[in-house]
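One structure below.
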Amino acid sequence: MRSDDTPLIRLEDYRPSDWLIDTVDLDISLHPTKTRIRSQLALRPNPAGRPGAPLVLDGDELKLVAIRLDGLLIDEAAYSVTPQQLTLHAPPTRRFTLMIDTEVDPSANTKLMGLYLSSHVYCTQCEADGFRRISYFLDRPDVMSVYTVRLEARKLIAPVLLSNGNRVAAGELPGGERHFAIWHDPHPKPAYLFALVGGALDHVRQSYVTAEGRSVELAVYVEPGKADRAGWAMDCLVRCMRWDERVFGRNYDLDVFNIVAVSDFNMGAMENKGLNIFNDKYVLADPQTATDGDYASIEAIIAHEYFHNWTGNRITCRDWFQLCLKEGLTVFRDQEFSADERSRPVKRIADVRTLRTTQFSEDAGPLAHPVRPRAYKEINNFYTPTVYEKGAEVIRMLKLLVGEAAFRAGMDLYFERCDGTAATIEDFLGCFAETSGHDLTHFARWYEQAGTPTIVASGRYDAAARSYTLDLAQKTAPTPGQPEKQPVVLPVALGLVGGSGDLPLATTSEAYAGNGIVIFDQPSLSVTFTDVAEPPIPSLLRGFSAPVRLELDLDEAALLRLFSADSDPFNRWQAWQTVAMRALVEAGRDPGRLDALVTTGQALATGLRGFLTTQAPSDPAFAAQVLRLPALGDVAREIGRDVDPDAIQAAHRRLSTEIGHRLGPDLLDLRERLASAARYSPDAASAGRRALRNELLGLIALSAPDSGAQLAEAQFAAGDNLTDRLAALAAMTLIPGEAREALIARFAKTYAAEPLVLDKWLMAQALIPESGTLDRVRSLMQHPAFSLTNPNRVRALIGGFAANLTQFNRTDGEGYAFLAEIVIALDRTNPQVASRLLASFKSWRMLEPRRKALAETKLGMVANTPNLSRDVADIAERTLA
Ligand code: BES
Ligand code: ZN
């Protein structure tokens with residue numbers, strides 16, 4: 001289907017469903033190629049809908065087997081049916097039941113939407129619109145029903161049968177070969193939260209008693225033989241359940257909570273009511289097969305999906321335009337959970353890095369859209385960093401604006417008022433307007449206006465008046481469909497740093513809200529602080545209080561002073577990054593200025609030497625974040641136009657090498673001192689030490705390749721954990737030569753039986769910034785560890801390559817050609833994964849002319865391919881627009 005032929009769905013066209021479905025009774029007989037689904041729907045006219053309207057049920061590639069109305073066959077003229085739709089032309093204008101039989105083939109479902117088989121396990125993925133691939137239904141989130149599900153399967157193939165809610169019955173069928181289970185979920189829910197699982201699975205279990213006193217049986221199901229890798233996920237689950245009770249007053253509401261890990265999954269995980277289904281990458285962990293990063297993302301994602309039980313399930317979205325209502329809010333909640341469990345500043349730094357790399361780049365290119373989009377062709381393409389990460393930033397700002405107490409009261413009110421409903425952003429914001437007394441109309445613009453605002457700031461000290469005036473201006477560049485931008489509400493957390501720390505803040509400005517926060521909601525603003533005893537250095541956007549770019553002209557000395565003296569750890573890190581970023585931008589713009597990096601390298605190394613010896617050992621996780629320079633893509637975005645990836649890469653390497661050279665033996669010393677004889681533990685403190693140690697290893701590999709290679713080999717050989725071994729491999733990939741190839745081979749042999757570890761191996765190779773990488777990637781596609789049908793393998797190797805700034809953007813265009821070819825091939829089997837890969841082109845317009853022209857040609861080739869999916873056609877069209 002060409003996307004120009006697909007209708008645009010608009011927020012303003014929303015109208016309530018003409019029909020409601022009170023209960024759904026499903027009877028599903030699982031079979032690998034012929035699964036039978038009998039669905040009984042209790043329908044009634046919606047008082048808010050149009051009286052006498054036809055009943056139009058959604059389908060997707062469905063085959064209708066039988067249909068009955070109130071138990072009776074219906075005349076063929078009374079309905080029409082296609083794979084996409086089942087219409088009753090003149091249904092009764094009262095309550096009635098509809099029984100619909102469909103048949104599906106799970107083994108042929110390569111899209112991994114609806115009911116499919118993942119390595120012999122039956123499972124489902126219904127968000128956003130996958131339920132219609134199982135049965136004809138009103139597949140929209142504002143139609144909420146109580147589900148009872150009877151599952152039946154061969155005992156040998158599927159001894160475990162799970163669905164949403166509580167299990168109410170189970171037993172064998174005559175003949176002894178098949179068995180059944182009946183599940184009932186008392187909480188009304190939209191179809192996208194339906195799930196079932198059937199398979200031979202092992203599990204770990206644990207009993208839990210909620211703060212309200214409800215006993216809950218928790219279980220994590222995994223492939224046979226992997227139960228010993230499910231302990232961490234269970235531990236995370238228990239901790240996040242307690243946290244939600246304590247911090248948001250939210251208790252769990254069923255007698256069981258099940259998590260299932262499957263190996264073929266398009267996304268990270270899914271919050272189906274009482275039955276979360278996960279990509280096994282985000283469940284399985286032991287020290288030999290998961291890195292510190294994996295442990296942390298498992299913690300975050302287990303929490304994220306669990307938190308959806310209230311922000312998503314008990315209160316769901318009226319329509320998919322409100323997606324950020326559940327996703328942005330739930331990301332905010334999972335970020336807060338991780339911050340409480342680990343180091344808050346380090347978590348904030350990591351989240352801001354992600355925000356800038358993924359969301360700022362989206363907002364700066366052709367795929368930019370508001371946190372609440374106004375129109376879409378394919379909703380699956382709007383599960384984006386903007387909806388998720390920027391959506392979470394908006395909640396964070398809301399909390400800053402209304403204050404901690406009104407925020408909590410607003411959340412409580414939201415839970416109470418909207419429980420059991422399908423809500424909107426207006427419903428949500430209304431609760432905070434009420435508890436805080438603030439008018440949030442202007443703030444709501446964050447949901448409507450796309451693009452990253454820039455704050456231009458400057459300060460003046462008046463020695464005679466002992467005052468300091470801060471001048472602020474804000475602007476947002478145009479984005480597709482929004483040429484004119486309005487000012488937004490920006491909470492600017494700030495401090496004035498003097499010779500011995502923060503100076504007291506005194507001002508009569510109405511924009512000052514107290515607590516070091518200026519509310520900046522106009523095109524420009526001046527705030528004068530009085531009784532300022534000495535010329536201060538401004539520390540703006542502390543904790544990254546608003547998701548904006550900041551232009552503030554501080555010289556290198558002032559920034560380095562902030563790095564050592566700011567009381568806000570985020571801004572200490574930011575000051576450092578700013579020094580590095582400026583130098584990288586300059587040299588990245590003009591390769592002739594590469595040598596200027598020597599001076600910056602020197603200044604940074606001098607600053608680092610003191611920092612590394614005095615402070616780094618007490619907060620290694622923070623130090624690791626400092627050592628890591630801005631990502632290449634972030635430098636590219638700062639440069640903004642005529643980008644030459646090779647020049648950026650050269651600058652990046654040169655700066656790292658300079659720093660490494662100058663620190664020389666200090667790096668080795670510190671690395672030695674951070675070594676630990678203790679057994680591996682995934683806790684944040686130990687992970688922080690490993691992170692710093694491994695950042696140092698990377699610097700050594702660049703600045704002293706010989707000793708770097710030796711250290712990497714030794715670390716691989718000695719490593720008792722995947723974190724250190726993978727870091728050894730990553731360091732080695734920076735050093736071309738035989739030793740590298742030998743370690744790559746050795747790694748593959750060591751982990752031959754571990755697909756999830758080999759994903760990291762594939763990705764490490766795809767990221768090598770050398771011209772041989774494309775050939776390497778092509779040949780890795782033939783490796784037994786790779787498969788185009790498994791989304792994790794594709795994301796690791798192909799997604800890794802697309803994230804390789806210099807190699808994806810090769811000057812001969814072969815990187816683009818390769819990606820286009822894969823996208824077109826993959827689109828035939830899995831459009832969702834294909835369209836996400838295609839979105840890698842999102843920054844093509846900022847490239848220098850030659851690359852830009854090549855990228856445009858390849859994008860055009862994709863766009864003109866016949867029979868594209870709606871997913872890929874939509875991305876191609878918008879990327880080119
Ligand atoms: N509801 C989503 C899963 C989803 C995503 C369904 C896209 C349909 C389309 C789930 O809660 C989610 O957000 N998962 C994230 C991970 C999360 C920690 C941000 C994912 O799958 O990437
Ligand atoms: Zn989510």
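Sequential numbering from 1 along the given sequence is applied to the chain's residues. Bear in mind that the values here come from a model prediction, so they are computed numbers and not experimental data. For ligands, and for the atoms within them, numbers begin at 1 and follow the listed sequence.
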Next item on the list: Return the option from Met267, Glu127, Gln832 holding the heavy atom at the smallest distance from atom 5 (C) of ligand 1.
Entry: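 Among Met267, Glu127, Gln832, the closest heavy atom to atom 5 (C) of ligand 1 comes from Met267.
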
Next item on the list: Nearest heavy atom to atom 16 (C) of ligand 1 wins, so pick from Gln335, Glu305, Glu327.
Entry: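 Among Gln335, Glu305, Glu327, the closest heavy atom to atom 16 (C) of ligand 1 belongs to Glu305.
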
Tell me the closest heavy-atom pair linking [X] and [Y], and the distance in Å.
X      : Y      : answer
Ser17  : Leu138 : OG-CD1, 3.8 Å
Leu62  : Tyr136 : CD1-N, 3.4 Å
Gly312 : Leu193 : O-CD1, 4.2 Å

On the 0 to 90° scale, with breaks at 30° and 60°, tag the [X]-[Y] ring pair as parallel, tilted or perpendicular.
X      : Y      : result
Tyr383 : Tyr388 : tilted
Trp320 : Tyr192 : perpendicular
Phe544 : Phe360 : tilted

Notebook entry, point to check: Hey, which of Val387, Leu323, Thr386, Ile425 is the one that makes side chain to side chain contact (heavy atoms under 4.5 Å, CB included) with Arg372?
Noted result: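 Exactly one option meets the side chain to side chain contact (heavy atoms under 4.5 Å, CB included) with Arg372, and it is Ile425.
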
Close-contact set for ligand 1 against [X] heavy atoms, below 4.0 Å:
X      : answer
His308 : 11 (O)
Lys326 : 1 (N)
Glu271 : 1 (N), 2 (C), 10 (C), 11 (O)
Ile301 : 18 (C)
Gln125 : 6 (C), 8 (C)

Margin query: Taking 4.0 Å as the limit for heavy-atom contacts, which would you say applies to Ala269 with ligand 1: side chain only, backbone only, both, or neither?
Written below: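 Only the backbone of Ala269 comes within reach of ligand 1.
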
Checklist line | His304 contact mode with ligand 1 (heavy-atom cut-off under 4.0 Å) | finding: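 It is the side chain that touches ligand 1; the backbone stays farther off.
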
Next item on the list: Decide side-chain contact (heavy atoms from CB on, under 4.5 Å) for Phe786 and Leu762; before the verdict, give the C-alpha distance in whole Å, the side-chain angles of both, and the deciding distance to 0.1 Å.
Entry: CA-CA 8 Å; Phe786 183 79; Leu762 292 170; 4.3 Å; yes

Give me the residue, atom name and distance of the protein heavy atom closest to [atom].
atom                    : result
atom 7 (C) of ligand 1  : Tyr383 CD2, 3.1 Å
atom 19 (C) of ligand 1 : Tyr388 CE2, 3.6 Å
atom 21 (O) of ligand 1 : Gly268 N, 2.6 Å

Checklist line | the Zn ion (ligand 2) - closest N/O/S atom in His304 | finding: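 Looking at His304, the N, O or S atom with the least distance to the Zn ion (ligand 2) is NE2.
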
Check: For Asp351 and Thr354, what are the C-alpha separation, side-chain angles and deciding distance, and is it a side-chain hydrogen bond (donor to acceptor under 3.5 Å, both in side chains)?
Finding: CA-CA 5 Å; Asp351 288 342; Thr354 309; 5.2 Å; no

Next item on the list: Say whether Val331, considering both its backbone and side-chain N or O atoms, lies within less than 3.5 Å of an N or O atom on ligand 1.
Entry: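 It does not: no N or O of Val331 is found under 3.5 Å from an N or O of ligand 1.
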
Check: Measuring to the Zn ion (ligand 2), does Glu327 have an N/O/S atom at a distance below 2.8 Å?
Finding: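 It does; at least one qualifying atom falls short of 2.8 Å.
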
Note to self: For Phe257 together with Tyr306, are the ring centres under 6.0 Å from each other?
What the structure shows: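 Ring-ring flag for Tyr306/Phe257: true, centres closer than 6.0 Å.
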
